[in-house]
Amino acid sequence: MFGTFLPIVFAKLPDVAQLRIAAERGDVQAQFMLGAMYSSGQGVQENQKTAIHWFREAASQGCVKSQANLGVMYTDGTGTPVEYQEALKWFRMAAQQGNEIAQFNLGMFYIQGLAVQSDPEEAIHFFRSAAEQGHCSAQEMLGACYFHGNGIELNFRKGFYWFKKAAEQGSPHAQYQLAVCYGSGRGVELNERHAFKWVKKSAEQGWPEAQYQLSYCYATGTGVTMNERKAYKYCVLAAEQGHVEAKYEVAMMYLTGTAAKLNVKEGMRLIREAADEGSAPAQYNLGLLYQDGVNTPQSDEQAFKWFTRSSEQGYAPAQYNLGYSYAYGEIGAPKDEAKGAKWYRMAAEQGHEDAQMNLAECYSNGRGVEIDHEEAAQWYRAAAEQGHAHAQFHLGYSYLVGLGVEHDYDEAEQWIREAADQGDPQAEQLLEQFDLNDEAKERHNAQKISQLKHKAEAGNLEIQAALGGMYELGIYAEKDINEALRWYHMAAEQGHSEAQCRLGLLYRVGDDVEQNNTEAFKWLYKAANEGDDYAAQCEIGEMYYFGEGVEVNLDEAFQWFERSAHHGDEDAQFNLGLMYDDGKGVQRDRIAGYAWIYLAAQQGNESAQACLEKEMNVQLTAKQIKKAMKFYEGIKHHILPDKEDK
């Protein structure tokens, strides 16, 4: 990204002989002009070595333009071997005199670690100096540093500001970045029309990524009226410049006759080209064409090759196909159920519903993995929640017979009914039994409740607490909050911590019972202190923090949040992080605050995730975040030894 400096454009060429005489006598301006003439070939035959000689003569006398030009020439190897140390020397001299070209290039040296140790913070200093003088590339680089937190605290709004400065000067890359800002809502309010405006400006200057994105806008109607003709036009322009994904998209247009005239020969050429250049979707679709013998001779060997290449890049549809190939020994793959399960899992973890379904069957039947009905049920659920009918049937059946999940007649009926609504034949057949046996189901539920009550009245604490939950939620019996309270009280008074916690929550929330913070605090405290219930500990922390049922005591709130957080409660971890960050109940420590909030976010706490994205990632410097992440690594394995950091 190093840029040369056009020294001068002569309206009228000076007399070279007289200029040379003046230059040899030490006239700085004459020396600079001779360097410029030899560098550009104006009035003399171009000779970069001679240009360097005269630039050096002028630079040695303090000519800032000559110093900057020498720096560029030694960087690019123009008229001389590349010598970064020599370039650095001249750039420093020119930068000290305020030359923005030299300042920008010094910034690039520090970013890339050329002739100096890489130092993003020092690079920022020089980029800012050049940017504030209007240097377009420096403005663009400064925007990128803010956007990625490189050498400076992450700040999307400031990144947007500098991208806009460069974009308004005509930089196609900055214009594209500005479009990304508007399209994602980073640093500015999301505005698809503004995003379209800037991506179009960039595309019209020939920026291939912008051309590809503009094609997407026209194809999907994002920020503009849909227009297949223009979508095709800009995708072709990007492809002609070598944009790999654009080549794939154009190939599919030709092969399907969508937005373009059917052109199998050109489509196959482009899809092969895109696949060779590393496009995972192109590799996968080329594999499908070879597998089915469409537009090319059928070849299992080629299909297997391209599925493998695409899979190795993490493309879920290819991973699913490769898993299927290994599982059943098809398209040239040796039968290997373990490899099949491995590739299914990779695709399943990316949300591929067919892979989730097949992986569940692997665990259910021991194909390539040990039989694990709980794991099977988890993957059936993942696919079922995406609408996979057969997975819905299997999940319902699992609930019906208690395979990998606790027996739950209502859950079973719900999932089997959803599968039947989609036409799954096994679900339709089984659903008839549900519909014909409503009375039997009622008898079954009444009998189950009667049996549980008998055991509960005999003193079984676990069943007393379970009955409280059943009556609270209406499971196996009509919802009855008074019955729920009766059974919860019975178990809670005998020290059952879960019943104590649930009882406390009911009194604290006050949805179905009259709110009573004193009673809530009493039961939650018992669960938290005597039962070591971490959810109750978090609730007690909140009650001390807000003064609910007890006087406000931030020290106590902090201690309870800390205790619960170390048990792994994500809400307590978030609250603990906030107290550290605000300095409430503890000495302020933004590093510890960030680490605890990050830990909560990693466990899926949405409030923590929003806090990081909207506040802390913007407020803390890159160095502070780096320290916080070391703190996080220290607490993560202690608190969550059995959980992966996703």
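As the structure is a prediction and not an experimental result, all values here were calculated from the model. No hydrogens, no waters, no symmetry mates; every other heavy atom, side chains included, goes into these values.
The pair E266-R269 counts as a salt bridge, with a side-chain nitrogen and a carboxylate oxygen less than 4.0 angstrom apart. Between E24 and R20 there is no salt bridge, since none of the side-chain N atoms of the basic residue sits less than 4.0 Å from a carboxylate O of the acidic one. The pair K630-E633 does not meet the salt-bridge criterion, since no charged nitrogen lies less than 4.0 angstrom from a carboxylate oxygen. Classification of E153 and K623 as a salt-bridged pair fails, no side-chain N sitting under 4.0 Å from a carboxylate O.
At a cut-off of 3.5 Å, with distance as the only test, a side-chain donor of S40 or Q42 sits close to an acceptor on the other residue. A donor and an acceptor atom, one from each side chain of Q133 and Q103, are located under 3.5 Å apart. Inspection of the T296 and R272 side chains reveals an N or O donor paired with an N or O acceptor under 3.5 Å.
N105 is listed as a side-chain neighbour of I101, based on a closest heavy-atom distance under 4.5 Å. In this structure, F156 and C181 have side chains that are not in contact, with every pair of non-hydrogen atoms separated by 4.5 Å or more. In this structure the side chain of V82 never reaches within 4.5 angstrom of the side chain of D76, judged on heavy atoms. Here the side chains of N99 and Q67 are not in contact, with every heavy-atom distance at 4.5 Å or above. Side-chain contact between M37 and L19: present, with at least one pair of heavy atoms (C-beta onward) separated by less than 4.5 Å. Between T258 and M252, every side-chain heavy-atom pair lies at or beyond the 4.5 Å cut-off. A heavy-atom distance below 4.5 Å is found between the side chains of Q619 and R590. Annotation: side chain of L106 is in contact with side chain of R92 (closest heavy-atom distance under 4.5 Å).
Ring-centre distance between F147 and F160: not below the 6.0 Å cut-off. For Y74 and Y84, the ring centers sit 6.0 Å or farther from each other. Not less than 6.0 angstrom separates the ring centroid of Y594 from the ring centroid of Y632. Here F126 and F104 keep their ring centres 6.0 angstrom or further from each other.
Within the structure, side-chain hydrogen bond (donor to acceptor under 3.5 Å, both in side chains) pairs that include any residue of residues 234-252 comprise E209-H243, Q211-Q241, E245-S279, K247-E273, K247-E277, Y248-N285 (at least two apart or interchain).
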CA sep, side-chain torsions, deciding dist, call: I591, Y580, side chain to side chain contact (heavy atoms under 4.5 Å, CB included): CA-CA 8 Å; I591 303 302; Y580 269 119; over 6 Å; no

Between Y218 and Y232, is a ring pair (Phe, Tyr, Trp, His ring centres under 6.0 Å) present by the stated rule, with each step listed? CA-CA 9 Å; Y218 278 120; Y232 166 73; over 10 Å; no

For a side chain to side chain contact (heavy atoms under 4.5 Å, CB included) check, start with the C-alpha distance between L237 and Y212, then their side-chain angles and the critical distance, and finish with the verdict. CA-CA 8 Å; L237 288 174; Y212 177 64; over 6 Å; no

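The CZ atom of R588 sits 5.5 Å away from atom CG of D581, with the distance rounded to the nearest 0.5 Å. Once rounded to the nearest 0.5 Å, the distance linking CG of L599 with CG of L576 reads 10.0 Å. To the nearest 0.5 Å, atoms NZ (K265) and CG (L270) are separated by 12.5 Å. Within the model, atoms SG of C235 and CD of Q213 stand 11.0 Å from one another, a figure rounded to the nearest 0.5 Å. Of the inter-residue distances, the one linking R128 atom CZ with M141 atom CE reads 13.5 Å to the nearest 0.5 angstrom. Rounding to the nearest 0.5 Å places CD of Q603 at 11.0 Å from CD of Q609.
Closest approach of Y284 and F307 over heavy atoms only: O-CE2, 3.5 Å. Closest of all the heavy-atom pairs between S202 and A210 is OG-CB, 3.2 Å. Contact detail for F127 and A138: the closest heavy-atom pair is O-CB, 3.6 Å. In this structure, Y315 and A280 approach most closely via the heavy-atom pair CB-CB, 3.8 Å. Heavy-atom minimum distance, S118 versus I111: OG-O, 3.4 Å.
Of the candidates Q177, H135, Q175, H173, H173 is the only one forming a side-chain hydrogen bond (donor to acceptor under 3.5 Å, both in side chains) with E140. Of the options K165, E168, Q169, E132, a side-chain hydrogen bond (donor to acceptor under 3.5 Å, both in side chains) to Q139 is made by Q169 and by none of the others. When each of E83, Q48, R56, K49 is paired with M73, the side-chain contact (heavy atoms from CB on, under 4.5 Å) condition holds for Q48 and for no other.
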